[in-house]
S.K.: 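Below you'll find the structure I mean.
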Amino acid sequence: MAMTVRADVVDGVQPPDVTNAIWPKLKPIRDRLDPAYRIEIGGAIEESEKGNASIFVLFPVMIGVMLTLLMIQLQSISRLVLVFLTAPLGIIGASLGLNLTGKPFGFVALLGLIALAGMIMRNAVILVDQIESDVNQGLTRGEAIVEATVRRARPVILTALAAILAMIPLSRSAFWGPMAITIMGGLFVATFLTLLFLPSLYALWYRRRLDERGGAEDEVTDTSEHMRWSGAGSLAPVGK
């Protein structure tokens with residue numbers, strides 16, 4: 001035999017907040033129940049737990065696909081690690097945003113956090129790719145870090161700002177509000193942290209090669225392939 005109690009919440013209140021407020025007050029009743037009886041949480045909370053379970057099952061697959069795509073794009077394990085380390089930066093802003101607005105961290109907020117990690121790593125890929133491009137054009141790694149950060153700062157900030165502004169209408173929704181707040185707060189803080197943290201981490205990672213000038217070895221290699229020593233001991237082009 002089962003007895004179901006149904007209720008609804010007023011507008012602007014999240015079911016997790018109501019459940020967290022009522023559940024401790026039911027503890028005396030739960031303690032006095034016979035062994036064959038129990039009280040369980042259902043409704044939105046139960047569906048949220050099912051959704052979280054489905055995400056955690058696919059989480060390893062998602063991480064594997066993400067690492068594969070990053071490896072194809074960056075073609076370097078060290079650069080892949082640098083980009084992947086920027087993903088947790090969104091947790092700082094997301095937690096601040098949820099605490100300031102009083103939104104719960106539930107299923108939709110978790111979806112926002114996953115999407116936020118992808119946005120942050122996209123910005124990191126753009127920045128790392130620009131650094132490597134500047135190195136290949138002949139700059140030292142130290143110069144390339146500064147030039148790439150300055151050059152890509154404005155497009156990265158404007159892209160993040162556009163995404164933040166697009167989330168404003170959803171932030172007032174009772175259901176999608178936590179996801180919007182997670183993305184807005186996390187992206188706002190993580191964008192500036194990425195522009196500071198990633199160049200610093202890159203410089204620390206390549207600290208012994210900061211003065212190494214890119215493109216020099218390629219130029220020497222190309223020259224050696226097209227030149228040969230003449231019989232008189234001078235360097236002459238091949239075929240002349």
S.K.: Determine the minimum heavy-atom distance between Ile145 and Thr149, stating which atoms define it.
M.R.: O-OG1, 2.7 Å
S.K.: Do Val156 and Thr191 touch side chain to side chain, with heavy atoms closer than 4.5 Å?
M.R.: yes
S.K.: Got a second to check how far Leu89's CG is from Asn123's CG, nearest 0.5 Å?
M.R.: 11.0 Å
S.K.: Look at the rings of Phe192 and Phe188 and say which category their plane angle falls in: under 30° parallel, 30 to 60° tilted, over 60° perpendicular.
M.R.: perpendicular
S.K.: Looking only at non-hydrogen atoms, find the nearest pair between Val189 and Gly93 and report the distance.
M.R.: CG2-CA, 3.6 Å
S.K.: I'd like to know if Asp134 pairs up with Arg141 as an ion pair, taking the criterion as any Lys NZ or Arg NE/NH1/NH2 lying under 4.0 Å from an Asp or Glu carboxylate oxygen.
M.R.: no
S.K.: Do Ser133 side-chain atoms and Gln130 backbone N/O form a donor-acceptor pair below 3.5 Å?
M.R.: no
S.K.: Cut-off 3.5 Å, side chains only: do Glu132 and Asn136 have a donor facing an acceptor?
M.R.: no
S.K.: Can you tell if the side chain of Met62 reaches within under 4.5 Å of the side chain of Ile114, non-hydrogen atoms only?
M.R.: yes
S.K.: Flag yes if more than 12 heavy atoms outside Ile77 fall under 6.0 Å of its CD1 atom; otherwise flag no.
M.R.: no
S.K.: Could you tell me the separation between the CG atom of Leu170 and the CE atom of Met167, rounded to the nearest 0.5 Å?
M.R.: 5.5 Å
S.K.: Which value, rounded to the nearest 0.5 Å, describes the distance between Ile91 atom CD1 and Leu96 atom CG?
M.R.: 12.0 Å
S.K.: Quick check on the hydrophobic clustering: are Val146 and Leu201 connected, directly or via other members, by side-chain heavy-atom contacts under 4.5 Å?
M.R.: no
S.K.: Shortest non-hydrogen contact from Ala190 to Ile120?
M.R.: CB-CD1, 3.4 Å
S.K.: Output the distance between atom OG1 (Thr86) and atom CE (Met121), rounded to the nearest 0.5 Å.
M.R.: 6.5 Å
S.K.: Could you grab the distance from atom CG of Leu195 to atom CG of Leu198, nearest 0.5 Å is fine?
M.R.: 8.5 Å
S.K.: Are Val81 and Leu193 connected in the hydrophobic side-chain network, where two residues link if heavy atoms are under 4.5 Å apart?
M.R.: yes
S.K.: Kindly work out whether a path of hydrophobic side-chain contacts (I/L/V/M/F/W/Y, heavy atoms less than 4.5 Å apart) joins Val83 to Val65.
M.R.: no
S.K.: With a 4.5 Å heavy-atom cut-off, do Asp129 and Ile126 have their side chains touching?
M.R.: no
S.K.: Any non-hydrogen side-chain atom of Met184 less than 4.5 Å from a side-chain atom of Leu165?
M.R.: no
S.K.: What heavy-atom pair brings Ala160 and Leu187 nearest, and what distance separates the two atoms?
M.R.: O-CD2, 3.6 Å
S.K.: Output yes when a side-chain donor or acceptor of Arg207 lies under 3.5 Å from a complementary backbone atom of Leu204, and no otherwise.
M.R.: yes
S.K.: Ignoring hydrogens and geometry, is there a side-chain-to-backbone donor-acceptor pair from Glu147 to Ala144 under 3.5 Å?
M.R.: no
S.K.: Taking Leu116 as the starting point, is it possible to reach Ile63 by hopping between hydrophobic residues whose side chains are less than 4.5 Å apart?
M.R.: yes
S.K.: With a 4.5 Å cut-off on side-chain heavy atoms, are Leu74 and Phe84 touching?
M.R.: no
S.K.: Are any of the side-chain heavy atoms of Leu70 and Gln73 separated by less than 4.5 Å?
M.R.: no
S.K.: If you measure from OG on Ser173 to CD1 on Ile181, what distance do you get to the nearest 0.5 Å?
M.R.: 11.0 Å
S.K.: Could you check Arg122 against Thr159 for side-chain contact (heavy atoms from CB on, under 4.5 Å), going step by step and ending with a plain yes or no?
M.R.: CA-CA 11 Å; Arg122 176 202 60 191; Thr159 303; 3.5 Å; yes
S.K.: Spell out, yes or no, whether Met119 and Leu158 are grouped together once hydrophobic residues are joined by side-chain heavy atoms under 4.5 Å, including indirect joins.
M.R.: no
S.K.: Flag the pair Leu127 / Tyr202 as yes when at least one side-chain heavy-atom distance between them is below 4.5 Å, and no otherwise.
M.R.: no
S.K.: Using side-chain heavy atoms (C-beta onward) and a distance below 4.5 Å, is Met66 in contact with Leu69?
M.R.: no
S.K.: Evaluate the criterion side-chain contact (heavy atoms from CB on, under 4.5 Å) for residue pair Ser78 and Tyr206; output intermediate values, then yes/no.
M.R.: CA-CA 10 Å; Ser78 60; Tyr206 293 98; 3.1 Å; yes
S.K.: Provide the closest heavy-atom pair for Ile72 versus Gln75 in the form atom of the first, atom of the second, distance.
M.R.: O-CG, 3.5 Å
S.K.: Which heavy atom of Trp23 sits nearest a heavy atom of Ile39, and at what distance?
M.R.: CH2-O, 3.4 Å
